[in-house]
Structures are given as structure tokens and as C-alpha cells.
Amino acid sequence: MIYGFVMYFSDVQQCSTAGFNLMFVYLLLGMLRMGAPLFICMGICFCMPCIICLLARLGRGSQQPAGETAIRKLEVKDYKAATFETKECGICLVDYEENDKVI
């Protein structure tokens with residue numbers, strides 16, 4: 001009989017090799033079934049930082065800063081509390097004041 005990961009035999013002489021092999025296979029399959037999520041999580045935890053660094057290096061050369069003409073085309077508005085949803089700058093997190101220039 002199998003209790004957890006331990007096999008108990010009442011009499012070793014009566015156990016056939018086929019039965020022993022079958023119990024050994026079931027034991028290994030049970031260990032793999034319980035260990036597979038652990039191996040998947042470990043693989044993600046150890047491989048994901050490497051993949052992220054590799055993708056960052058590959059994509060770094062393709063990003064260009066915005067040109068002057070694109071910056072000039074951005075619409076500049078005066079801040080009015082009644083017309084804007086946000087009350088602070090999304091970059092520096094400073095609260096807007098009335099009539100501030102907002103892009």
C-alpha cells in the first residue's frame with residue numbers, strides 16, 4: 001500500500017516486480033503532479049527577469065524622443081478646476097492652480 005510517499009509491504013516475497021513497478025510509476029506520477037506547479041513557478045520567477053532585460057535591450061534602439069514639431073502641435077490649455085478631472089500633475093504630482101498652463 002502507498003501512504004503519502006512511503007510504500008509499505010506486508011511481505012516482500014509476495015510482491016511481484018510488475019506490481020512494484022506499477023506502484024513506483026504511480027508514486028513518480030504523483031510527485032510530478034504535485035511538483036509541476038512548483039517547477040512552473042520557479043521557471044517563471046527565474047526566467048522572467050532575464051526575458052524582461054532581453055526585451056528591454058532589443059527595444060531600446062527603436063524608441064526615439066518626440067521631435068520639436070510634434071511637441072509644438074500639442075494643445076496647451078489654461079487649468080480651470082471645473083473643466084478638468086484631475087487636480088494634480090501626473091508626472092510631478094503637484095496640484096494645479098487656477099490658470100496654470102496644462103498640456
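Just so it is clear, the model here is predicted, and its values are computed rather than measured. Both backbone and side-chain heavy atoms feed into the values below; hydrogens, waters and symmetry mates do not.
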**Study point:** Remaining members of hydrophobic cluster (4.5 Å side-chain criterion), Val76
**Key:**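 Cluster partners of Val76: Leu74, Ile103.
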Exercise for review: Tell me who clusters with Ile91, hydrophobic residues only, linked when side chains sit under 4.5 Å apart either directly or through other members.
Suggested key: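 Once heavy-atom contacts under 4.5 Å are chained together, Ile91 still belongs with nothing else.
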Review point. Applying side-chain hydrogen bond (donor to acceptor under 3.5 Å, both in side chains), which residue pairs with at least one partner in residues 85-103 are found, sequence neighbours left out?
Key: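 Those involving residues 85-103 are Asp78-Lys101, Lys80-Asn99.
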**Study point:** Closest contact, heavy atoms only, Ala66 versus Ile71
**Key:**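 In terms of heavy atoms, the two residues are closest at O-CD1, 4.0 Å.
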Review point. What pairs meet the ring-ring contact (aromatic ring centres under 6.0 Å, His included) rule with one or both residues in residues 27-48, with sequence neighbours excluded?
Key: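 The answer is none; no pair qualifies.
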Mind checking what makes side chain to side chain contact (heavy atoms under 4.5 Å, CB included) contact with [X], not counting sequence neighbours?
X: Cys92; value: Cys89, Val94
X: Arg72; value: Glu68, Thr69
X: Leu22; value: Tyr26

Check your understanding: Do you reckon Leu54 sits in the same ILVMFWY cluster as Met48, going by side-chain contacts under 4.5 Å, direct or chained?
Key ->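 No, Leu54 does not connect to Met48 through the hydrophobic network.
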